[in-house]
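Working notes, beginning with the structure itself.
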Amino acid sequence: MQDHIAELLRAALEQVAAGPFPTLEIPGRIGIERTRDAAHGDFASNVAMASAKSARANPRQIAEAIIAALPASPQVEKVEIAGPGFINFFLTRDAATAVVGAVLDAGAAYGRASEPTGRRVMVEFVSANPNGPLHVGHGRGAALGDCIANLLEAAGHEIAREYYVNDAGRQMDILAASIWVRYLELHQVSVNFPTGGYQGEYVRQIARDLDDAHGNRFVQSAGAILDGLGHDAPAGDKDAFVDGLIARMKALLGDGFAVVHAAGLDSQLADIRDDLEGFGIVYDRWFSEASLVVDGAVEHALERLKASGHTVLRDGALWLKSSEMGDEKDRVLVRANGAYTYFATDIAYHLNKLERGFDTLVNVWGADHHGYIPRMRAAIEALTGSDEPLVVRLSQFVSLFRAGEKVGMSTRAGEFVTLRELRGEVGVDAARFFYVMRSSDQPLDFDLALATSQSNDNPVYYIQYAHARICSVFQQAADAGVAYDEQAGRAALGLLTEAHETALMGLLSSYPERVQQAAAQFAPNIVANALRDVADQFHSYYNAHRFLLADDPARTQARLTLVSAVRQVLANGLGLLGVSAPESM
RNA sequence: GCGCCUGUAGCUCAGCUGGAUAGAGCAUCGGCCUUCUAAGCCGGCGGUCGCAGGUUCGAAUCCUGCCGGGCGCGCCA
């Protein structure tokens, strides 16, 4: 419809420029927007005001000339000048009600792009270290990433979801050492638990499983373990102590280290996978960081970077000269001791994504990683000549409140609230909706008491209730012996002239635009807001008018047809958010 | 110190890539259930859009400076 109006305006502008206002320059893009107030019609254009300068006339005079030159359209009822020079378009009843048929014809596809774009987009999200359960902060990234993937798919892109498994780093070694110490406790070997270790109960469980599977295979004496290791905090440095412990463990256990390491990794990965599936998220692939080292992908990436001329050897280490590409300083790729940095393997992973044919790489990261963005951009630019393929969305912190008190979230201290606990308490629907209903740039206060309470404080219920209410209306119709006849309803749509009905149809027709906008901005909260608007208008309509009218079958069918379309849009939007659309509540 | 995010009603937040009278929810005050689910609706109260400049016919929105809040600045991951 905007396109149609734009064509009408362009035709009119050409005439105006050829006649009364020869200096008028026709803008490349003619601004047309939906009006906020029904009194201003359905669509408004500011083109008269925008061209006031080039036409050297006041906007209202230009608007008058434009309207005089405007071609007639079967879809436009009338056109008015308003305010400082807005041109307001009022649609005919038929043009306004057409959206109902459009929704019903498209069904689940309404709001989705009709043609594939041919673009391949990789959405990588969560990618938390598998050294413990996911907590509520990861949950936001999970919900956000999954919804963004849904949106991009709706926008016509081919998408893939991926989880990058950090199975190669020091964090995983620390988990292995933590498991080992718990295992030793089971065998009465007295080694104090390292200050820098992971203290969660899940570590003890892995140790017990290890004991069941391997008996005393990994037992060593306290003396052999601690001799010459130095002191843990507070007397010594806790990081140095843990690193020393890991080195000692590798020396004493030999191949056994890999067994303990793998026990930790496998256990946590399985747990995370199960957790996310319970949250409605299924990945296309779990990509191992360690595999990049093994199969030479890191070397390959480093060669590419060297060939680009953006690297330098300094102090025995290989650096990416990222400061030449917007980063605040250069970054180490290969340490003086020959070990790859996390950055180097991460670059290899991103190169791998590009080589698999993905045009756009969307990464959803926690806000604490924002300092990492410039160096990643620099790396992509060094590899491809442009940082354009990389899109990073940050999710700001989640603070959890229980009974008005902030809940601590330290992984090391084991006092965090897990995503699994959260799902159990508030359910998947409420959790997912809460996570994405705010802009991801906004820190989120997640109040468990609020989300748990069955009151209307919970915004997800409001939308689901609208859907359930519509289902209930159809149930009532069936119970009353009123057969729903969509064809009759479509034919009678012209009877829907109430303000509530016009407003509802306007919202239905703007829904696809809002989905596309949400996709373009990687912002699922836009869909959440659109749904709230539809639900709001529906509840209002429901209270103002009855749908089942014994003495007016035509209007009854028309209204049922309208609310059927509303139900479809609610279901589609909730689907994009990964929230269910219940038939009853 | 530098960088990113952020500042809108008592509280939590929207505000559609500059538009017409700045909107919701919660809280508070008052109405609406013999009729399709009251998990709902209608109305009242409540705002110098952090502050100061600038661009523009027009600024909560764009630019600059200042003030406040969050986060980040490793040869860690």
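Numbers restart at 1 for each chain; the letters A, B, ... are given by sequence-line order, proteins then strands.
- Across all strands shown, A:His545 has heavy atoms under 4.0 Å from base atoms, whether or not it also approaches the sugar-phosphate.
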Look for any protein N or O under 3.5 Å of an N or O in nucleotides 14-18 of chain B and output each such pair with its distance, or none.
from, atom 1, to, atom 2, distance (Å)
B:A14, OP1, A:Ser439, N, 3.1
B:A14, OP2, A:Gln442, NE2, 3.3
B:A14, O2', A:Asn529, ND2, 3.0
B:C16, O3', A:Gln517, NE2, 2.9
B:C16, O2', A:Gln517, OE1, 2.6
B:C16, O2', A:Gln517, NE2, 2.8

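- Here A:Asp315 lies in heavy-atom contact (under 4.0 Å) with a base.
- Counting only heavy atoms from C-beta outward, the side chains of A:Gln442 and A:Gln396 never approach each other to under 4.5 Å.
- The nucleotide B:C71 finds its pairing partner in B:G3, both defining distances of the Watson-Crick or G-U wobble pair being shorter than 3.5 Å.
- Contact check, A:Tyr461 against B:A38: no side-chain N or O comes under 4.0 Å of OP1 or OP2.
- A:Tyr484 has its side chain within reach of A:Thr561: a pair of non-hydrogen atoms, C-beta onward, lies under 4.5 Å apart.
- Among the heavy atoms of the strands, none lies under 4.0 Å from A:Ala52.
- In this structure, NE2 of A:His539 is placed 8 Å from C1' of B:A39, rounded to the nearest angstrom.
- When heavy atoms are screened at a 4.0 angstrom cut-off, A:Ala468 is found touching base atoms of the nucleic acid.
- Within the nucleic acid shown, A:Phe343 has no heavy atom closer than 4.0 Å to any nucleic acid atom.
- With A:Cys147 as the fixed residue, the side chain to side chain contact (heavy atoms under 4.5 Å, CB included) test singles out one of A:Val579, A:Val527, A:Leu577: A:Leu577.
- The nearest whole Å value for the distance from the CG atom in A:Asp239 to the P atom in B:C75 is 15 Å.
- For A:Asp441, whose side chain is taken as the heavy atoms from C-beta onward, the closest listed nucleotide among B:C5, B:A20, B:U21 is B:C5.
- Heavy atoms of A:Pro443 sit under 4.0 angstrom from primed sugar atoms or phosphate atoms, though from no base atom.
- Here the nucleotide nearest the side chain of A:Asp445, chosen from B:U12, B:C5, B:G40, is B:U12.
- The A:Arg335 side chain lies nearest to B:C76 when the options are B:C5, B:C76, B:A38.
- Shown here, B:A27 forms no base pair; nothing in the strands shown gives a Watson-Crick or G-U wobble contact with both key distances under 3.5 Å.
- Checking B:C41, B:C75, B:A77 against every side-chain atom of A:Ala317, the shortest atom distance belongs to B:C75.
- Across all strands shown, B:U64 is found opposite B:A52 as a Watson-Crick or G-U wobble partner, with both distances under 3.5 Å.
- Distance from the side chain of A:Met49 is smallest for B:G19 among the nucleotides B:G74, B:G19, B:C75.
- Both thresholds, 5.5 Å between centres and 30° between ring planes, are not jointly met by A:Phe86 relative to the base of B:G19, so the two rings are not stacked.
- A cation-pi contact links A:Arg567 to A:Phe474, judged by a cut-off of 6.0 Å to the six-membered ring centre and 45° from its axis.
- Ring geometry, A:Tyr349 versus A:Phe287: the interplanar angle falls from 30° to 60°, so the pair is classed tilted.
- At a threshold of 4.0 angstrom between heavy atoms, the contacts of A:Ala82 include nucleobase atoms, whether or not backbone atoms are also involved.
- The A:Gln476 side chain lies nearest to B:C36 when the options are B:C41, B:C36, B:A20.
- With both pairing distances under 3.5 Å, B:G40 is matched to B:C32 as a Watson-Crick or G-U wobble pair.
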Could you walk me through whether A:Arg375 and A:Glu328 pass the salt bridge (Lys or Arg N to Asp or Glu O under 4.0 Å) test, one step at a time?
CA-CA 8 Å; A:Arg375 81 187 69 168; A:Glu328 60 187 56; over 6 Å; no
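- When each of B:A20, B:C76, B:C41 is scored by its nearest atom to the side-chain atoms of A:Gln171, the top-ranked nucleotide is B:C76.
- Across all strands, A:Asp327 comes closer than 4.0 Å to no nucleic acid atom at all (heavy-atom distances).
- The cationic group of A:Arg469 lies under 6.0 Å from the six-membered ring centre of A:Tyr542 and within 45° of the ring axis, placing it in a cation-pi geometry.
- A salt bridge between A:Lys321 and A:Asp327 is absent, with no side-chain N of the basic residue lying under 4.0 Å from a carboxylate O of the acidic one.
- The residue A:Ala520 sits apart from the nucleic acid: no heavy atom pair falls under 4.0 Å.
- B:C33 has its base syn relative to the sugar, with a glycosidic angle deviating from 0 by at most 90°.
- Along RNA chain B, the nucleotide closest to A:Asn88 and the one closest to A:Tyr372 are compared, and the more 5′ of them pairs with A:Asn88.
- Picking from B:C36, B:C75, B:G19 the nucleotide with the shortest atom distance to the side chain of A:Arg546 gives B:C36.
- Look at CG on A:Asp37: it is 9 Å from C1' on B:U21, rounded to the nearest Å.
- One interatomic measurement links the two molecules: CG of A:Asn166 to P of B:A77, which rounds to 10 Å at whole-angstrom precision.
- Using cut-offs of 30° and 60° on the angle between ring planes, the pair A:Trp365 and A:Tyr372 is perpendicular.
- In this structure, A:His40 packs face-to-face on the six-membered ring of B:A20, meeting both the 5.5 Å centre cutoff and the 30° plane limit.
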Walk me through it: do A:Asp315 and A:Arg335 pass the test salt bridge (Lys or Arg N to Asp or Glu O under 4.0 Å)?
CA-CA 9 Å; A:Asp315 304 330; A:Arg335 289 189 273 265; over 6 Å; no
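- Pair assignment for B:A59: none, as no Watson-Crick or G-U wobble contacts are both less than 3.5 Å.
- Nucleotide B:G25 holds its C1' atom 16 Å from the CG atom of A:Leu531, rounded to whole Å.
- A:Ser540 comes within contact range of the sugar-phosphate backbone alone, with a heavy-atom separation under 4.0 Å but no base atom that close.
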